[in-house]
Amino acid sequence: MVKIKKNNPKVAIIMGSQSDWTLLKKTAFVLKSLKIDYSYDIISAHRTPQRLYDFASNAHLNSIKVIIAGAGGAAHLPGMVASLTHLPVLGVPVESKALKGLDSLLSIAQMPFGIPVASLAIGESGAKNSALLAASILSLNDKALEKRLISWRNKQTKLIAKKPK
């Protein structure tokens, strides 16, 4: 068994490469603002397949409840992880140079029956929303988190002016 972190985070943020961390830091920021413990690691579907296998097949044994997987280009990471775990996998498409992230989005969204991956928006909105979706999932069994999430959403609503300035 692969032990992830001492603080037993409920959410794991994984990414295909170091460059993906620039985007997924935004996921971490939202999780942190909601006081949700998380781990974060580079796990490449292509370059570190054994690391991927070890992580995905043991995540549930390490208190992980939701996996957020960001990847660009071929974006196989979310689907491969989902094929090895029963946990919810939230796929964040990272913008690619060639197709501006459309390739990533389609790879994450086009999963075969039986291997679900929740697909989010390309880029920053998807990264931030993945944290909120993870919080929503976790809040089903955590009343304190549910209150924090409702409060966070209410604050967002109050930030919207009624009239333009």
Side-chain angles (χ1 to χ4, degrees), residues 1-138 149 152:
M1 182 170 93
V2 176
K3 191 67 177 163
I4 296 173
K5 302 285 181 210
K6 290 180 183 176
N7 65 345
N8 291 325
K10 300 290 185 233
V11 177
I13 303 170
I14 60 173
M15 63 216 77
S17 67
Q18 177 65 48
S19 61
D20 298 339
W21 182 234
T22 302
L23 176 64
L24 292 169
K25 278 182 187 178
K26 296 170 189 332
T27 303
F29 178 80
V30 174
L31 289 171
K32 194 173 195 175
S33 74
L34 290 167
K35 298 180 179 149
I36 298 172
D37 287 335
Y38 61 90
S39 63
Y40 55 100
D41 293 290
I42 298 171
I43 301 175
S44 171
H46 305 113
R47 294 183 201 100
T48 63
Q50 188 62 51
R51 188 184 304 171
L52 182 152
Y53 180 84
D54 292 343
F55 166 80
S57 59
N58 290 295
H60 70 285
L61 300 174
N62 288 304
S63 300
I64 297 297
K65 301 297 182 202
V66 179
I67 299 168
I68 297 172
H76 291 136
L77 181 61
M80 289 300 299
V81 169
S83 76
L84 295 165
T85 185
H86 64 279
L87 299 175
V89 177
L90 313 181
V92 178
V94 175
E95 188 173 331
S96 59
K97 291 178 185 175
L99 297 173
K100 303 292 184 201
L102 183 58
D103 49 347
S104 310
L105 174 63
L106 293 174
S107 180
I108 293 169
Q110 287 300 116
M111 291 302 300
F113 172 71
I115 312 295
V117 174
S119 303
L120 289 122
I122 299 166
E124 186 172 339
S125 290
K128 290 178 176 178
N129 280 338
S130 70
L132 294 174
L133 185 54
S136 294
I137 293 167
L138 294 172
L149 181 59
W152 188 94

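Index from 1, following the sequence. Basis for what follows: all heavy atoms, side chains included, without hydrogens, waters or symmetry-related copies.
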Participant: Can you name the one residue among I14, V117, I115, L90 that meets side chain to side chain contact (heavy atoms under 4.5 Å, CB included) with P78?
Facilitator: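 For P78, the side chain to side chain contact (heavy atoms under 4.5 Å, CB included) test succeeds with only one of I14, V117, I115, L90, which is V117.
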Participant: Which atoms form the tightest heavy-atom contact between G91 and I108, and what is the distance?
Facilitator: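 Looks like CA-CG2, 3.9 Å.
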Participant: To the closest 0.5 Å, what do you measure between CG (L105) and CD (E95)?
Facilitator: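 CD of E95 is found 12.0 Å from CG of L105.
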Participant: Quick one: CG on L52 to NE2 on H46, what's the gap to the nearest 0.5 Å?
Facilitator: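 If we round to the nearest 0.5 Å, L52:CG and H46:NE2 are 10.0 Å apart.
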Participant: Could you tell me whether the side chain of S136 and the main chain of L132 form a donor-acceptor pair under 3.5 Å?
Facilitator: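 Yes, S136 side chain to L132 backbone: donor-acceptor pair under 3.5 Å.
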Participant: Given S130, which of V66, V11, I68 fulfils the side chain to side chain contact (heavy atoms under 4.5 Å, CB included) condition?
Facilitator: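 It is I68, the one option of V66, V11, I68 that forms the side chain to side chain contact (heavy atoms under 4.5 Å, CB included) with S130.
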Participant: Could you tell me whether the side chain of Q18 reaches within less than 4.5 Å of the side chain of I42, counting heavy atoms only?
Facilitator: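 Heavy-atom side-chain distance check passes, below 4.5 Å.
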Participant: Using side chain to side chain donor-acceptor pair (under 3.5 Å), reason through H86 and H60 one step at a time and then give a plain yes or no.
Facilitator: CA-CA 8 Å; H86 64 279; H60 70 285; 4.6 Å; no
Participant: Going by side chain to side chain donor-acceptor pair (under 3.5 Å), name the pairs with one or both residues in residues 98-123, residues two or more places apart or in two chains.
Facilitator: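 Residue pairs with at least one partner in residues 98-123: S96-D103.
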Participant: Is there a donor-acceptor contact under 3.5 Å from the side chain of S57 to the main chain of Y53?
Facilitator: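 Such a contact is found between S57 side chain and Y53 backbone.
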Participant: Identify the two heavy atoms, one from T27 and one from A131, that lie closest to each other, and give their separation to 0.1 Å.
Facilitator: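 For T27 and A131, the tightest heavy-atom pair comes out as O-CB, 3.5 Å.
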Participant: To check you understand the geometry: which heavy-atom pair defines the closest contact between L77 and M15, and what is its length?
Facilitator: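 Closest pair (atom of L77, atom of M15, distance): CD2-C, 3.5 Å.
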Participant: For A135 and I36, work out which heavy atoms get closest and say how close.
Facilitator: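 Answer, listing the atom of A135 first, then I36: CB-CD1, 3.7 Å.
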Participant: Do L87 and I64 make a side-chain contact, defined as non-hydrogen atoms from C-beta onward lying under 4.5 Å apart?
Facilitator: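 Yes; the side chains approach each other to less than 4.5 Å.
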Participant: Would you indicate whether the side-chain heavy atoms of F55 and L84 approach each other to under 4.5 Å?
Facilitator: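 When only atoms from C-beta onward are counted, F55 and L84 do not touch, as no gap falls below 4.5 Å.
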Participant: To the nearest 0.5 Å, what is the distance between CZ (R47) and OG (S17)?
Facilitator: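 Going from CZ on R47 over to OG on S17, the span is 6.5 Å.
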Participant: Just verifying a value: how many Å separate L99 CG and I122 CD1, rounded to the nearest 0.5 Å?
Facilitator: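 Reported to 0.5 Å precision, the distance equals 9.5 Å.
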Participant: With sequence neighbours excluded, tell me which residues meet side-chain contact (heavy atoms from CB on, under 4.5 Å) with V94.
Facilitator: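 V94 satisfies side-chain contact (heavy atoms from CB on, under 4.5 Å) with D20, L23 once adjacent residues are dropped.
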Participant: Hey, what do you get for NZ (K26) to OG (S125), rounding to the nearest 0.5 Å?
Facilitator: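 Output value for this atom pair is 10.5 Å.
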Participant: Does any non-hydrogen side-chain atom of M111 lie less than 4.5 Å from one of P116?
Facilitator: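 No; the side chains remain at least 4.5 Å from each other.
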Participant: Classify the angle between the aromatic ring planes of W21 and Y40 as parallel (below 30°), tilted (30 to 60°) or perpendicular (above 60°).
Facilitator: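 Rings of W21 and Y40: parallel, under 30°.
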Participant: Are any of the side-chain heavy atoms of L138 and K65 separated by less than 4.5 Å?
Facilitator: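 When only atoms from C-beta onward are counted, K65 and L138 do touch, with a gap below 4.5 Å.
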